[in-house]
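Notes for the one structure printed next.
Throughout, residue positions are numbered sequentially from 1 according to the sequence presented.
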Amino acid sequence: MELMLQAFVFLAAGVIAVPLASRLGLGAVLGYLIAGAVIGPFVLGLVKNPESIMHIAEFGVVMMLFLIGLELEPSVLWRMRGPILGLGGLQVVVTAGVLAAIGFYVLALTWQASIAIGLILSLSSTAIALQLLMERQHLKSESGQASFAVLLFQDIAVIPIIAFLPLLATATTKSKKAADHSGSLIGDLPDWQQAGITIAVILGIILGGRILLRPILRFIADSHLREIFTAAALMLVVGIALLMGMVGLSPALGAFIAGVVLANSEYRHELEATVEPFKALLLGLFFMSVGANIDFNLLFKEPKLITSLVVGLVAVKFILLFLLAKIYRISHSERYWFAFCLAQGGEFGFVLLNLALQSRVLGSHWVDLLTVTIALSMLSTPLLVMFNERLLQPRLKLPEHLEIGEDAKLVELQDTPVIIAGFGRFGQIVGRLLVANNIPVTVLDNNTAHIERVRAFGFKVFYGDASRADLLEVAGAATAQVLVIAIDEREKVKDIIRIVKKNYPNLKLYVRAYDMLNYQELQLLGVDHVEREMFRSSVQLGQQVLRALGMRAYQAKRKALQFVIHDEMLVDALGKIKAERGSPAFVSEARQVQEEVLELLQADRFNRHYYTDHTWERPLEDESSH
């Protein structure tokens, strides 16, 4: 009962605070943080133990890294190794060094405590920074890609920092036990064995993702039970997180590696659409947990010291990040985005502070002060980003030709102008024509056996149900120009059209119709173009039959062209009949129109003047071949 009550309190706070914050232009992240602070033990006291909730909510960060990995193909990640190792590594080293020097010379701390604080505060919040960048569709920009590179290196750096902190302990006799905080199953093994097991686990995730996961996901997808695929996706992320935790590694890093391995998988978009709602919910819970952990009693007791720590931390990190952005030649306006997004402390800081306390590197007073400092710096980030977005950026004079980093271009190239839903005999022809003209396409299909065959020929086909709005989103519907719908289920086609009309009004719809009745239904839905799947090939075959029966080639072509024009007129005329389909009135009017077409065909009233007035822009056959 207590758990359900806490869940209700968190959900109610989020439902009330986030829409209000969004309407005020504060953003969802700040709304979650404020909601958490209000319901926390230091304001209303509706949540007594926010630390226990945070342990669950931190899994939202794991899911976010998994989704980011799904967006990055290994080749793209390899091309980003320079910014990840160079910019990311330099940021951690320089920031940790400067903050350690401030701790030693300004705050008069021991050198061990200063180094520990420098390392802990050098990290930024992956959850907040990436969420803010995604909310503002800035992740693919130059600063967004640089921020991602730094955050990824920081997530990797957490592992050696966890191993290094106990070595700084002043009470060495107790540091060994403190090092086992993470629940690692290999903590008592020699270092070389730990390293070997760690490497084996990472290689196992990579090889398992390439060899085992696809057949497993294919088997599950063939059941066509969405809830089972959802369970499988969650099992995958949870299992990898548990495996990484058992060997003392970062669960978020493991999830990211798994995502990268599956980035080329045909199930990538389905996995994204399945995990995304859980990620969003858990991240919201995480942000509220951060807000609830702010100790306002300590803040009121030592307001000057905490204010100085928060302002000093944000200011120092902002200056260092801005200088690093300048060294790496990030464009002027983008440097502010980069610096403001990463100037806060990170969620891993709470974990590392707890380890530093257990290892006796830091005392409880400083751990409490820094916990509040990190939380308040995270709370300030949405405000700083708003300041940059609304006041600073409009005043900056942008260069006429804004250069985008090479890595940003690589990610943008993943956006395709055309999405094809359904890649059967009809969709394949459309796709082959586009690819032959160097137009990249994203293909969605839910037939696993068919996907395997088509991918063998080099097509980039993904498993997924195109009638789901969330799947269309992750497939790139927001940036695509055309959606080609070539699936068999007529009701599902209508569902897709309604979803696109509602959510992506600028996306053009080119749809295959099953027959004449379906053609008319689709026209009423307001699609941009409808093509009957068998019509043109049937006319082509009929033309060849006329030639086989002795009709001259030009005459057969003219008869076929005449039939196409009048059939299109017939379909349009039938679509305008208001009588109910199948009723005597409808049948009578339809027969009258059909007789007119037949009469025109038999009388051969097709002449050049009529052809000029009713040009058919898609000739059936090249006349030069006759």
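- Scored by the side-chain hydrogen bond (donor to acceptor under 3.5 Å, both in side chains) test, T230 finds no partners at all (sequence neighbours excluded).
- Residues S331 and E142 have side chains in contact (heavy-atom distance under 4.5 Å, counting atoms from C-beta outward).
- Put simply, CG on L444 and CD1 on I487 are 10.0 Å apart, with the number rounded to the nearest 0.5 Å.
- At a threshold of 4.5 Å between non-hydrogen side-chain atoms, the residues S124 and V150 do not count as touching.
- L285 and F10 make their closest contact through CD1-CD2, 3.5 Å (heavy atoms, listed as atom of the first residue, atom of the second, distance).
- Shown here are the side-chain contact (heavy atoms from CB on, under 4.5 Å) partners of I206, two or more places apart in sequence or in another chain: I202, R210, I257, V261.
- A distance-only check finds no donor-acceptor pair linking the side chain of Y336 to the backbone of L392 [under 3.5 Å].
- Here the CD atom belonging to Q544 is positioned 12.0 Å from the NZ atom belonging to K557, to the nearest 0.5 angstrom.
- In terms of modelled atom types and a separation under 3.5 Å, the side chain of E334 and the main chain of S143 share a donor-acceptor contact.
- The side-chain heavy atoms of S125 and T381, taken from C-beta on, include no pair separated by under 4.5 Å.
- Applying the 6.0 Å contact sphere to NZ of K508 captures no more than 12 heavy atoms from other residues, nucleotides or ligands.
- The minimum heavy-atom distance linking I240 with A255 is given by the pair CG2-N, 3.8 Å.
- Remark: side-chain polar atoms of D528 are paired, donor with acceptor, to backbone N or O of L509 under 3.5 angstrom.
- Shown here for A513 and V530, the closest heavy-atom pair between the two residues is CB-CG1, 3.5 Å.
- Contact record, L151 with A129: CD1-CB, 3.8 Å, taken as the closest heavy-atom pair.
- Remark: I496 CD1 to I485 CD1 distance equals 5.0 Å, nearest 0.5 Å.
- Between F387 and F340, the ring-plane angle classifies as perpendicular under the 30° and 60° cut-offs.
- Using a 4.5 Å heavy-atom cutoff, the side chains of L11 and L281 are in contact.
- Between L217 and L236 there is no side-chain heavy-atom pair separated by less than 4.5 Å.
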So D495 and K492, salt bridge (charged side-chain N to carboxylate O under 4.0 Å, His left out) or not? Walk me through it. CA-CA 5 Å; D495 291 339; K492 186 167 287 188; over 6 Å; no
